[in-house]
Trainee: 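First the structure, then my questions, so here it is.
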Amino acid sequence: MSRFADESIEKISPYVPGEQLADRKYIKLNTNENPYYTSATAVAAIDGEQLLNLKRYSDPESRKLTEAIASYYGVDVDNVLVTNGSDEALAFAFYAYCRKGVCFADVTYGFYEVIANLFGCPVERIALDADFKIVAGNYFSKAKTVVIANPNAQTGIALSADDIERIISENAGNIVIIDQAYADFGDFNAISLVGKYSNLITVNTFSKSRSLAGARVGYIVADRELICDLKKVKNSFHPYNVNALSSVLATKAIEDDEYFLFCVKKIKATREAFSASLTERGFEVLPSSANFVLARHPSTGGRTLYEELKGKGILVRHFSDERIADFVRITIGTDAEMGRLLAAIDEIIGE
Ligand SMILES: *Cc1c(COP(=O)(O)O)cnc(C)c1O
């Protein structure tokens, strides 16, 4: 730390993203990206004129994209705020609603802890049960902001629609943030509850199910009063938060429903087949509703498996958090990639 930095900087432990290595060509199954390319109609919408017009600022309200999102979900444009990735959406929501206190699971998306620390939000961690499940009843009447990733990050396990709704209705006096980064790979989207609950904030992203991780586009769908609060934060931090090209890409991507449905269906099918293949090999695989699985082998530890796979040119994710240190998290890639991964696993566990 430099002698100029505020002392609070010393205490920060920033988020550690999955590796983006370039020392060799890897099969990359470590950051839950979509293995399928960005929608071709989205890419085709970027033309020379758009590039030349980068001399102009982007639309600070991202109107076209906001309208496309609102129309896709059948909500009003006043219910939508577009952000620079959903991490920015989380940052705005934590700034607006979590500084008196926030609670989330002991195993979940690591960014929650990081952003809470940055903004000085007191954190309560609520333990998953022995099966790595969120127990809905542990989140009732919290009198502080509740944050739930559904399906949950790292485990892939989803709560039922009923449990999600109970958590929202049992916290009428405070905000409930549902992070839906993986919702498109499951069976339930909480945006359907936005009209019914004025304390619900859904945080959504184009990064995973819509193959646009590099474009950095996320969005909040919530009650219009909450969107007003969050717009104030956004306009005090980064008025032109979404760049012009990403806005066009995301608008076209959400309009290309056919390709989206194809990718999601394919990834879900690959996930089911791959989970069965791991189970056959003796792995314990948590039941995933996401585009990744968390799995452990009875004799090969998580760290070892991660390292050996890396040596074979396949990147998966290992977390040193005590509760999941035995596991690796594997992003669902193409069938061909999963086949190569299984062959590598056979070499490693057969040794
Ligand atoms: C990937 C992820 C995000 C962040 O996605 P962005 O790329 O910033 O939109 C947010 N929440 C969870 C649970 C994630 O896994």
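Start at 1 and go down the list; that is how both ligands and their atoms are numbered.
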Trainee: Look only at the side chain of Asn291 and the backbone of Asn32, and say whether a donor-acceptor pair between them is shorter than 3.5 Å.
Mentor: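 A pair under 3.5 Å: yes.
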Trainee: I'd like to check which ligand 1 atoms, numbered from 1 as shown, lie under 4.0 Å from a non-hydrogen atom of Ala181.
Mentor: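 Under 4.0 Å from Ala181, ligand 1 has these atoms: 2 (C), 11 (N), 12 (C), 13 (C), 14 (C), 15 (O).
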Trainee: Consider every N or O of Tyr182 and every N or O of ligand 1, then say whether any pair is closer than 3.5 Å.
Mentor: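 Min N/O separation from ligand 1 is below 3.5 Å for Tyr182.
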Trainee: Do we see a donor-acceptor contact under 3.5 Å between the side chains of Asp257 and Tyr72?
Mentor: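 Indeed, the side chains of Asp257 and Tyr72 share at least one donor-acceptor pair under 3.5 Å.
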Trainee: Say whether Asn79 and Asp76, considering side chains only, have a donor N or O and an acceptor N or O under 3.5 Å apart.
Mentor: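 No, because no side-chain N or O of Asn79 sits under 3.5 Å from a partner of the opposite role on Asp76.
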Trainee: For the residue pair Gln50 and Asn53, establish whether any side-chain heavy-atom pair is separated by less than 4.5 Å.
Mentor: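 No, every pair of side-chain atoms sits at 4.5 Å or beyond.
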Trainee: Heavy-atom distance under 4.5 Å between the side chains of Ile227 and Val80, does that happen here?
Mentor: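 Answer no - side chains too far apart.
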Trainee: Consider ligand 1: state whether an atom of it lies below 4.0 angstrom from any non-hydrogen atom of Asn32.
Mentor: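 No; Asn32 lies far enough from ligand 1 that no heavy-atom distance drops under 4.0 Å.
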Trainee: Would Lys208 count as a contact of ligand 1 if the rule is a heavy atom under 4.0 Å away?
Mentor: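 Checking ligand 1 against Lys208, which is what was asked, there is a heavy-atom contact under 4.0 Å.
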Trainee: Side chains of Tyr36 and Lys266: do they bring a donor and an acceptor to under 3.5 Å?
Mentor: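 No pair is found: no donor N or O on one side chain lies under 3.5 Å from an acceptor on the other.
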Trainee: Tyr112 and Asp179: side-chain donor and acceptor closer than 3.5 Å?
Mentor: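 Side-chain D/A pair, Tyr112 to Asp179: present.
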Trainee: Report the part of Asp179 in contact with ligand 1, treating N, CA, C, O as backbone and CB onward as side chain, heavy atoms under 4.0 Å; options are side chain, backbone, both, neither.
Mentor: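 Looking at Asp179 and ligand 1, just side chain atoms fall under 4.0 Å.
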Trainee: Nearest protein heavy-atom contact for atom 5 (O) of ligand 1: which residue, which atom, what distance?
Mentor: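 Going atom by atom, the protein heavy atom closest to atom 5 (O) of ligand 1 ends up being Ser86 OG, 3.2 Å.
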Trainee: Closer than 4.0 Å to some heavy atom of Gly85 - which atoms of ligand 1 meet that?
Mentor: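 Close to Gly85: 8 (O), 9 (O).
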Trainee: Need the ligand 1 atom indices (1-based, order shown) with element for anything under 4.0 Å from a heavy-atom of Arg216.
Mentor: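 Result: 6 (P), 7 (O), 8 (O).
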Trainee: Backbone, side chain, both or neither: what part of Ser207 comes under 4.0 angstrom of ligand 1, heavy atoms only?
Mentor: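 Contact part for Ser207 vs ligand 1: side chain (C-beta onward).
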